[in-house]
Amino acid sequence: MSVTDDILKKVGEKKLHFSLLDPEDQTPQEAGKLSKLAEDIGSSAIMVGGSTLSSSKQVDETVKAVKENSNLPVILFPSGAKFLSKYADAIFFMSCLNSRNLGFVIREHVQGSPFIKHVGIEPISMGYLIVEPGMTAGKMGQVDLVKRDDLQTAVGYALSTQYFGMKFFYLEAGSGAPEPVKNEMIAAVKKNINIPLIVGGGIRSAKTAHEKALAGADIIVTGTTFEKDKNVEKTLREIIKAIEE
Ligand code: 1GP
């Protein structure tokens, strides 16, 4: 089964958790250990990517270590065509919809898609929208941030994503955001689309994860907690339990 079909099937049954690893933040060995932990406690995929990568070698080494240590699908979460890895199972073929830089909307994709075809990683099309505060992704992506209360604009982007035929829509507050995307925005988007809604950025506790899932997120992504929480096993277990409830 393709990674896309596997996710769509699981999303039809329950809310999911994805774990994000930025190759800049730990050694490949540590990434391998974390991915094993993620699998053991019920996360459904490992996303690999970051906004400030310097080489594809970093991505290759992290992806390889993850593959060696867990059976979870590895999905690239790319910031550009230079940072792809042939060792991944799939790639979020994502357009950063509110970037002012056409590179992040489509041109990097034009550069990277022949590689994706050549090595046979599975593209998973996704509309990606960065909401205030946006953090590093907002800055590096040269984004016109959507305001936290601007539900109408978020819904317009979400519907456009669906009408373009993309498979997933991702509402992003930015890694390490002090506040995640508001529940009201998640609910408004969810009410209007029928493709799975991914929410990430600033989700660090079971309570917050529960609220976001209840508001309508189908998949919750955590990066900072996964990589930096001192009690990562306990915190992630609680987060995944709260999402599934
Ligand atoms: C970043 O949404 C993800 O793209 C994860 O954010 O690091 O805040 O969990 P955090």
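Atoms considered below: every heavy atom in the structure, side chains included; atoms not considered: hydrogens, waters and symmetry mates. Indexing begins at 1, ligand by ligand and atom by atom, following the structure's order.
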Run the side-chain donor-acceptor check on residues 112-125: report pairs under 3.5 Å with partners two or more places apart or on a different chain.
residue : atom : partner : partner atom : Å
S113    : OG   : H109    : O            : 2.9
E122    : OE1  : V3      : N            : 2.8
E122    : OE2  : V3      : N            : 3.3
E122    : OE2  : T4      : N            : 2.8
E122    : OE2  : T4      : OG1          : 2.5
S125    : OG   : K167    : N            : 3.2

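- Between D6 and K10 a salt bridge is recorded (basic side-chain N to carboxylate O distance below 4.0 Å).
- Residues Y170 and F18 keep their aromatic ring centres 6.0 Å or farther apart.
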In residues 238-245, what donor-acceptor pairs under 3.5 Å come from side-chain atoms, sequence neighbours left out?
residue : atom : partner : partner atom : Å
E238    : OE2  : K234    : NZ           : 3.1
E244    : OE2  : K14     : NZ           : 3.2

For residues 141-148, dump all side-chain donor-acceptor pairs below 3.5 Å to protein atoms at least two apart in sequence or in another chain.
residue : atom : partner : partner atom : Å
D144    : OD1  : R100    : NH1          : 2.8
K147    : NZ   : E132    : OE2          : 3.4
R148    : NH1  : P180    : O            : 2.9

Identify the protein atoms, limited to N or O, that lie within less than 3.5 Å of an N or O atom of ligand 1, and list each pair with its distance to 0.1 Å.
residue  : atom  : partner : partner atom : Å
ligand 1 : 2 (O) : Y170    : OH           : 3.0
ligand 1 : 2 (O) : E172    : OE1          : 3.3
ligand 1 : 2 (O) : E172    : OE2          : 2.8
ligand 1 : 2 (O) : G201    : N            : 2.8
ligand 1 : 4 (O) : E172    : OE1          : 2.4
ligand 1 : 4 (O) : E172    : OE2          : 3.4
ligand 1 : 6 (O) : G201    : N            : 3.4
ligand 1 : 7 (O) : S175    : OG           : 2.6
ligand 1 : 7 (O) : T224    : N            : 2.8
ligand 1 : 7 (O) : T224    : OG1          : 2.5
ligand 1 : 8 (O) : G176    : N            : 2.7
ligand 1 : 8 (O) : G202    : N            : 2.7
ligand 1 : 9 (O) : G223    : N            : 2.8
ligand 1 : 9 (O) : T224    : N            : 3.3

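- Using modelled atom types and a 3.5 Å distance limit, the side chains of S43 and S19 yield a donor-acceptor pair.
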